[in-house]
> 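Handing you this structure, nothing more for now.
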There are 2 protein chains.
Amino acid sequence: MSIDHNERLLTPGEVAVMFRVDPKTVTRWASGGRIGSIRTPGGHRRFRESEVRTLLAELTFDVDAAG
Amino acid sequence: MSIDHNERLLTPGEVAVMFRVDPKTVTRWASGGRIGSIRTPGGHRRFRESEVRTLLAELTFDVDAAG
DNA sequence: CATTATTAGGGTAATTCGGGTA
DNA sequence: ATTGTCCGAATTACCCTAATAA
């Protein structure tokens, strides 16, 4: 019984833990279009794991070396 | 709303994986009419794959990235 | 018929939403 | 401008047992 879902989804709380921020902050990122999100029919947000990891990787490359 | 013979039916558990929710939540969606469902003679619910995928796509947000 | 996994149904925590505020 | 927190309301997750599915 394998489903052809090509993407794993994360909850706001899980993303919040990964970024070490409050879930509310993740919600704001979604509202502002900084991160893509999917809504459940009930209105709760889900986030694509691949996108989240990409954002995390980008943070890694940002060494705050602003001039 | 007739059933297409070529349509694949999904179990509550399979739909739950796609939305990253508990199977019980999918049941509530069906009870509340948020998603169409078909009952087996034994009372178990089945969901149309096409409808689920359509719903998933419609609930996909890509708010314009405000600067 | 026996076995194992999933689902139904109900009830109760936990999470999330949305707005407003610091 | 971004984040954290408080609030009430809604949605979702986890607990159980019995029934259905395969």
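Below, chains carry the letters A, B, ... as their sequence lines are ordered, and counting in each starts from 1.
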> Please determine, for the side chain of B/D22, which listed nucleotide (D/dT12, D/dC14, D/dG4) has the closest atom?
D/dC14

> Starting from C1' on C/dT7, measure out to CD1 on B/I38 and report it in whole angstrom.
16 Å

> Under 3.5 Å, which protein N or O atoms sit close to an N or O of nucleotides 2-4 of chain C? Give each pair with its distance.
none

> Taking ring-ring contact (aromatic ring centres under 6.0 Å, His included) as the definition, give me every residue that meets it alongside B/F47, ordered by chain and number, with sequence neighbours left out.
none

> Only pairs at least two apart or in different chains count here, so list each ring pair (Phe, Tyr, Trp, His ring centres under 6.0 Å) that has a residue in residues 18-39 of chain A.
A/F19-A/W29

> What is the separation between atom CZ on A/R20 and atom C1' on D/dT3, rounded to the nearest whole Å?
16 Å

> Who pairs with A/E14 by side chain to side chain contact (heavy atoms under 4.5 Å, CB included), at least two apart in sequence or on another chain?
A/L10, A/T11, B/R20

> So which protein nitrogen or oxygen atoms get under 3.5 Å of nucleotides 20-22 of chain C's nitrogens or oxygens?
none

> What's the separation between atom CZ in A/R8 and atom OG in A/S50, rounded to the nearest 0.5 Å?
10.0 Å

> Report all side-chain donor-acceptor pairs from residues 30-43 of chain B shorter than 3.5 Å, counting only partners two or more places apart or in another chain.
from	atom 1	to	atom 2	distance (Å)
B/S31	OG	B/T27	O	3.1
B/S31	OG	B/R45	NH2	3.3
B/R34	NH1	A/P41	O	3.1
B/R39	NE	B/G43	O	3.1
B/R39	NH2	B/G43	O	3.0
B/T40	OG1	B/G42	N	3.3
B/T40	OG1	B/G43	N	3.3
B/T40	OG1	B/H44	N	3.0
B/T40	OG1	B/H44	O	3.4

> Please produce a list of atom pairs where a protein N or O lies less than 3.5 Å from an N or O of nucleotides 20-22 of chain D.
from	atom 1	to	atom 2	distance (Å)
D/dT20	O4'	B/H44	NE2	3.4
D/dA21	OP1	B/T40	OG1	2.8
D/dA21	OP1	B/G42	N	3.2

> So what is the end-to-end bend of the helix from C/dT3-D/dA22 to C/dG19-D/dC6, with 5 pairs used at each end and the value given to 10 degrees?
60°

> Grab the CZ-P distance between A/F19 and D/dT3 for me, whole Å please.
11 Å

> Any side-chain heavy atom of A/L9 within less than 4.5 Å of one from A/E49?
no

> Quick one: list whatever passes side chain to side chain contact (heavy atoms under 4.5 Å, CB included) with B/R28, sequence neighbours left out.
B/K24, B/T25

> With A/T54, which residues qualify under side chain to side chain contact (heavy atoms under 4.5 Å, CB included), at least two apart?
A/E58

> So what's D/dT2 paired with, Watson-Crick or G-U wobble, going by both distances under 3.5 Å?
none

> I need the A/R48 CZ to A/E7 CD distance, nearest 0.5 Å.
5.5 Å

> So among A/V21, A/L55, A/L56, A/V26, which one has a side-chain contact (heavy atoms from CB on, under 4.5 Å) with A/V15?
A/V26

> Taking atom P of D/dA1 as reference, at what distance in whole Å does atom CH2 of A/W29 sit?
18 Å

> Measure the distance from CZ on B/R45 to C1' on C/dT6 and round it to the nearest whole Å.
13 Å

> Rounded to the nearest angstrom, tell me the gap between atom CZ in B/R39 and atom C1' in C/dT6.
14 Å

> Where along residues 10-17 of chain A does a heavy atom fall under 4.0 Å from DNA chain C?
A/T11, A/P12, A/G13

> May I ask you to evaluate whether A/T25 reaches the phosphate of D/dT3, defined as a side-chain N or O under 4.0 Å from OP1 or OP2?
no

